[in-house]
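Only this structure's heavy atoms are used, side chains among them; waters, hydrogens and symmetry mates stay out.
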Amino acid sequence: MSGIEQARKTAEELTYGAGFGNEHSSEAVRGALPHGRNSPQRAPLGLYAEQLSGSAFTEPRARNRRSWLYRIRPSAAHPAFVRIDNGTLRTAPFTEAVPDPNRLRWDPLPDAAPGTDFLTGLWTLGGNGDAAQRTGMAVHLYSANSSMTDRVFSDSDGELLIVPEHGGLLLRTELGLLRAEPGHVALIPRGVRFRVELLGTTARGYVCENYGQPFVLPDLGPIGANGLANARDFLAPVAAFEDREGPVEVVNKFCGNLWSATYGHSPLDVVAWHGNHTPYVYDLRRFNVLGSISYDHPDPSIFTVLTSPSDTPGLAGVDFVVFAPRWLVGEDTFRPPYFHRNVMSEYMGLIEGAYDAKAGGFVPGGGSLHNMMSAHGPDRATFDRASAAELKPQKIDDGLAFMFETRWPVTATAQAAGAVHLQRGYDDVWQGLSRNFRP
């Protein structure tokens, strides 16, 4: 059985726990979880007890993130890390270029060279903040044609929100396994080690690296108790460990650089665990879309799946927003997204189909960047069509788009600003929006 076939078989047999932010517990071997205490004098089955803290010990209970892991070997037993090349991966602060107020759009990443895995295939488009200060975010894309073999990755700089666009992924994490297909998102918390195996010959997608406060579900306010992304639809892994000897490269992203150490065993050796610092997978088609049933197009904040709070209520370090299938019924309403200038900065990607504000040029795997206060909105063809459309109930179900929205400008990397797949002349899509004013 080939590696891809084995990965597919494994992915098809996965089971999960449910609920975002829950106190999950799981054991792959009966009796591996201690009862009544976290760190007994002798952990069950000869395991080592270890706490993985994703927040400071004294943060409020509602924000505190930690999991207790019961593993075959403690994480402390490893050789020294050494610097390795960062490849096309970049980290904030982004100083290669000045922030650009121009609207930018890219085609999909070119095909990766043979033998490129998820980690090697990460390509940074840009971001903001400072990873060492735990503020801001980065936008990455990935293109891969090989599974990570005898290689494990962890990110000390932030959590990773992985958005597959083409090709499924099997994510083997310390806490268990997740399957992420196009239309899903996977969330890997800060510091959790994982390996990415492909479920097909190639894979491509997007990654938001969040340096700031961990993602949470947004408050619902006047919406009430239900709606948007439901907590129970987020699936957490169950314990699944590797008891494997032999060399394994462990790569750690730390303050913007990649560091490598060769272990003599797999570090994915957690036999049992409990806590709330855990990976998740979420099906974007389960998003409960809310919108107007009278008039006007609601602000895109109504489509927020996850948010990373800042020190100012309502002002996110980064929001993850999805434009999922939905009905449009607004009367006397221009139904596509309106013309807009925003204090927030918006990076938009497309997972499948088409986006209802652009008639062409925005394709799955591509992306656009509209920095703060840059004017954007529907192109000429979309404006003309929507202005003349018969306003009957309309189902939008031919596309799945998303947005990383952030409080600070996104500075593009030099490789993104000079990329062969950068669309020159993106501004032209708004040409022809002629004067219609008739006093």
Side-chain angles (χ1 to χ4, degrees), residues 88 100 102-113 116 118 121-126 139-145 161-169 180-185 198 200-208 284-285 300 303 320-326 335-337 340 345-371 374 376-386 395-405 410 412-413 415-432:
T88 54
D100 190 339
N102 286 297
R103 301 161 298 195
L104 303 171
R105 190 164 71 180
W106 291 263
D107 289 325
L109 277 179
D111 292 339
T116 301
F118 172 85
L122 284 172
W123 183 90
T124 306
L125 182 138
V139 178
H140 311 288
L141 292 89
Y142 67 88
S143 179
N145 49 44
L161 183 68
I162 301 171
V163 187
E165 175 266 324
H166 164 76
L169 306 177
E181 299 277 2
H184 298 163
V185 293
L198 305 192
T201 55
T202 59
R204 190 174 66 187
Y206 310 84
V207 177
C208 178
L284 293 172
R285 293 176 181 84
F303 303 118
F320 175 61
V321 177
V322 63
F323 301 100
R326 61 201 182 278
R335 290 179 175 176
H340 184 48
S345 298
E346 305 171 5
Y347 174 81
M348 178 169 285
L350 186 60
I351 299 169
E352 64 181 33
Y355 177 54
D356 58 333
K358 295 292 185 292
F362 185 43
V363 298
S368 63
L369 174 62
H370 300 147
N371 260 320
S374 68
H376 56 282
D379 55 25
R380 168 65 188 276
T382 301
F383 177 81
D384 288 346
R385 183 180 66 249
K395 181 69 177 292
I396 301 293
D397 60 358
D398 59 349
L400 187 62
F402 71 89
M403 189 163 64
F404 302 145
E405 186 177 63
V410 172
T413 59
Q415 63 191 9
V420 296
H421 58 290
L422 175 67
Q423 294 183 9
R424 274 72 182 178
Y426 175 38
D427 289 341
D428 293 346
V429 305
W430 291 282
Q431 298 305 308

Looking at every heavy atom in both [X] and [Y], which two are closest together, and how far apart are they?
X    : Y    : answer
F362 : G367 : CE1-CA, 3.8 Å
H370 : W430 : NE2-CH2, 4.2 Å
A416 : L125 : CB-O, 3.3 Å
V429 : D379 : O-CB, 3.3 Å
A324 : L400 : CA-CD1, 3.8 Å
Y142 : L122 : CB-CD2, 3.9 Å

Check against side-chain contact (heavy atoms from CB on, under 4.5 Å), M348 and K358: CA-CA 12 Å; M348 178 169 285; K358 295 292 185 292; over 6 Å; no
Measure from the side-chain N and O atoms of [X] to the backbone N and O of [Y], and report whether any donor-acceptor pair falls under 3.5 Å.
X    : Y    : value
S143 : L109 : no
Y206 : G365 : yes
Q415 : T88  : yes
N371 : D100 : yes

When rounded to the nearest 0.5 angstrom, what distance separates [atom1] in [X] from [atom2] in [Y]?
X    : Y    : atom1 : atom2 : answer
R204 : L141 : CZ    : CG    : 9.0 Å
R335 : T382 : CZ    : OG1   : 15.0 Å
E346 : S368 : CD    : OG    : 8.5 Å
W123 : H140 : CH2   : NE2   : 11.5 Å
D398 : E352 : CG    : CD    : 9.5 Å
E181 : E165 : CD    : CD    : 13.0 Å

How about H166 and P364: do any of their side-chain heavy atoms sit closer than 4.5 Å? no
Taking side chain as C-beta onward, heavy atoms only, is L369 less than 4.5 Å from V139? no
Whether over 12 other heavy atoms sit under 6.0 Å from D384 CG: yes
Aromatic ring pairing F404/F320, orientation class (parallel under 30°, perpendicular over 60°, tilted between): tilted
Does the plane of the ring in F323 sit parallel, tilted or perpendicular to the ring in Y355? Use 30° and 60° as the thresholds. tilted
Compute whether any side-chain donor of one residue and acceptor of the other, for N145 and T202, lie under 3.5 angstrom apart. no
Does the side-chain contact (heavy atoms from CB on, under 4.5 Å) test come out yes or no for L169 and L198, once each step is laid out? CA-CA 5 Å; L169 306 177; L198 305 192; 3.8 Å; yes
Using the rule given for side-chain contact (heavy atoms from CB on, under 4.5 Å), can you reason through V207 versus F118, listing the C-alpha separation, both sets of side-chain angles and the distance that settles it, and then say yes or no? CA-CA 11 Å; V207 177; F118 172 85; 4.1 Å; yes
Go through Y426 and N102 one step at a time and tell me if the side-chain contact (heavy atoms from CB on, under 4.5 Å) criterion holds. CA-CA 10 Å; Y426 175 38; N102 286 297; over 6 Å; no
